[in-house]
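As the structure lists them, so they are numbered: ligands from 1, and atoms in each ligand from 1.
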Amino acid sequence: MNFTRNIDLFLFLIMLAITHSSSQSTTAGDVITITKAINVAKPGCQSQCGNVTIPYPFGIGPGCFLGEWFEITCNTSFNPPRTQIGRLQLLEFTDYTFRLANKVASQCYDPFGNITEDNPVSTSLGWTSPFSFSQKNQFNLIGCDDFALFLGPLQANFTSGCIALCSKPEEVVNGSCSGVGCCQTSIPKALKYYDTSVGSMTNSNHTKIWSFDPCTYSFLGEKERFTFNGVSDFMDPNFRNRTMASVPMLVDWVVGNLSCSEARSAGMLACQANSECVDSDTGVPGYRCICNNGYQGQPYLEPGCQDINECEDPNNLCDGVCTNTPGNYTCSCQDGYVGDGLKSGRGCTKKNSEFPVIKFSLGKLILIYWPR
Ligand SMILES: *[C@@H]1O[C@H](CO)[C@@H](O)[C@H](O)[C@H]1NC(C)=O
Ligand SMILES: *[C@@H]1O[C@H](CO)[C@@H](O)[C@H](O)[C@H]1NC(C)=O
Ligand SMILES: *[C@@H]1O[C@H](CO)[C@@H](O)[C@H](O)[C@H]1NC(C)=O
Ligand SMILES: *[C@@H]1O[C@H](CO)[C@@H](O)[C@H](O)[C@H]1NC(C)=O
Ligand SMILES: *[C@@H]1O[C@H](CO)[C@@H](O)[C@H](O)[C@H]1NC(C)=O
Ligand SMILES: *[C@@H]1O[C@H](CO)[C@@H](O)[C@H](O)[C@H]1NC(C)=O
Ligand SMILES: *[C@@H]1O[C@H](CO)[C@@H](O)[C@H](O)[C@H]1NC(C)=O
Ligand SMILES: *[C@@H]1O[C@H](CO)[C@@H](O)[C@H](O)[C@H]1NC(C)=O
Ligand SMILES: *[C@@H]1O[C@H](CO)[C@@H](O)[C@H](O)[C@H]1NC(C)=O
C-alpha cells in the first residue's frame, strides 16, 4: 500500500469534521456483559438461605459441601431464615472471607456502682477449623473507667488489652478512638477464639462518670464498619443492638489443612481444571484455589474454571474482529481491511479505499490514509 500524507487535506477534513470509520466490529451495538459466575453452589444443592448466597465449598445438606467445616444450615425458625455455620450466624460470603453477625459484650451500672447488666461474650471458630478472624477486624472498648482483656488463641493466654479512661464528657472527641472514652487494638494472625473480660479501672465502678457513661462495651469487629460517636454512643441505649447489626466480624477461610504441595502429593488437592493453588496466608494451614487469568467459575468443582469469552465483553480491546482463544482473545481485521484491529492502535481500515480515512482516538487525530 502506498499512502500519501497531505497536510492540506488534513486541515480541510478537520474543517469538515468528517469522522469516518470503516472498521468492522463484532461487538458494535452489542451490550453483552460477562456474568461473573464465581459464587455458585454445587449443582443440585440449595444456593440461597434468606438473602445469603452460598458458594461451594460451603453448602447445605449432605454432599453439598467440601468437608465438615463447610457445612451450612439454614434455620427456618427465623423469618427471614438465618444462615448458620455451626452455631454462628453468617451474613455474607465474599471471595475469601465471610461475615458473621456480631456479639457485643456489655456491663452497665446504677448510680451507686451496682452492676445492672452484664453480657460477657466469647466466640470460637473451632480450634481445628480452617477459619480465623481477619486482621481487618479490631477489638474495641467503649467506656470511661474501663479495661478489657482479650484472650487469644490459647485460652489461658492474654493476647491483648485496652484501657479507656476519661473524667469529663468534654474530653471525649467524636470520631477519635485513641484511649479517651474509646480504645482500639489490632488482633494477632490466626486468631480463632476470643473472650472479652471487662472491669472498672479505678474500682469506683462508674460512680463518678455515671451521669454521662453508665455502660462499658467491648467487641471484635470489622475496622471499616465502626466509627466512635463520642458521648452520644455512651448515652445511646441502643448502642449494643445497633453495633451488633452494623459491625460484623470478618472471617478468613482456606481449604484443607495442608499446603498446596502437601495436598498435591497426598492426592487430596481440591483445585480443578484451569485453576491455580495458592498457599494460605492467614496463618492457618491450608490453601485456596483461584481461576487462572481469562477463566472464571468454580475452581473447587468439576469441570473447573471455564474460559471467559472476552469477545462478548464490550470493553475488549478489539476494534476489528475479535476471536476468543483459551484464556485470552485476539483482534484482527475482516477480509478487505488492514490494521492491527485494536481500539488503541491502528484499528482497521479498508484496502484501496476511494476516500481518505481518518481515525480518531481519544479525540485526537492520529492517522490519515490517502489510499491510491
Ligand atoms: C440481607 O437482608 C438484611 C435484612 O433482612 C439486610 O440488612 C442485608 O443487607 C441483606 N444482605 C444482603 C447481602 O443483601
Ligand atoms: C434454629 O433456631 C432456633 C431458635 O434459636 C434453635 O432453637 C434451633 O436449634 C436452631 N436450629 C438449628 C438447626 O440450628
Ligand atoms: C446498690 O448499692 C447500694 C449502695 O452500695 C446498696 O445499698 C444497694 O442495696 C444496691 N442495690 C442493689 C440492687 O444491689
Ligand atoms: C501460653 O501460656 C503458657 C503458660 O501459661 C505458655 O507455656 C505458652 O507458651 C503460651 N502460649 C503462647 C502462644 O504464648
Ligand atoms: C459529637 O456528636 C454529638 C452527636 O453526634 C454532638 O451532639 C456533639 O456536639 C459532638 N461533639 C463535638 C465536640 O463535636
Ligand atoms: C466496685 O465493685 C467492686 C466489686 O464489685 C467492689 O469491691 C467495690 O467496693 C466497688 N466500689 C465502689 C466504689 O462501689
Ligand atoms: C435489643 O435487641 C433485643 C433483641 O432483639 C431486644 O430484646 C431489646 O429490647 C433491644 N434493646 C433495645 C435497647 O432496643
Ligand atoms: C487434616 O484434616 C484431615 C481431614 O479433615 C484430618 O484427618 C487430619 O487429622 C487433619 N490434620 C491435622 C494436622 O489437623
Ligand atoms: C492476551 O493476549 C495479549 C496479546 O497477545 C497479551 O498482551 C495478554 O497478556 C494476554 N492475556 C492473558 C491473560 O494471557
Which is it for Val180 and Cys166 under the side-chain contact (heavy atoms from CB on, under 4.5 Å) test, yes or no, and what are the steps along the way? CA-CA 6 Å; Val180 183; Cys166 54; 3.9 Å; yes
Identify the closest protein heavy atom to [atom]: which residue and atom is it, and at what distance?
atom	result
atom 8 (C) of ligand 2	Asn75 ND2, 3.7 Å
atom 14 (O) of ligand 2	Gln84 NE2, 3.0 Å
atom 13 (C) of ligand 7	Pro237 O, 3.4 Å
atom 9 (O) of ligand 7	Asn241 ND2, 4.7 Å

Less than 4.0 Å between [atom] and some protein heavy atom, yes or no?
atom	value
atom 1 (C) of ligand 2	yes
atom 4 (C) of ligand 7	no
atom 11 (N) of ligand 3	yes

Examine the side chains of [X] and [Y] and answer whether a donor and an acceptor come within less than 3.5 Å of each other.
X	Y	result
Asn137	Glu222	no
Thr185	Gln138	no
Asp146	His206	yes

Reported CZ-to-CD1 distance for the pair Phe147 and Ile163, which is rounded to 0.5 angstrom: 8.5 Å
May I ask you to list the atoms of ligand 7 that are less than 4.0 angstrom from any heavy atom of Asn238? 12 (C), 14 (O)
Taking 4.0 angstrom as the limit, do Arg242 and Asp233 come out as a salt bridge?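 Between Asp233 and Arg242 there is a salt bridge, with a charged N closer than 4.0 Å to a carboxylate O.
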Asp95 and Arg288 ion-paired at < 4.0 Å: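 Result for this pair is no, no salt bridge flagged.
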Contact (N/O only, under 3.5 Å) between Asn114 and ligand 3: yes
Interfacing atoms of ligand 2 (cut-off 4.0 Å, heavy-atom, Ser77):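 Selected atoms, number and element: 1 (C), 2 (O), 3 (C).
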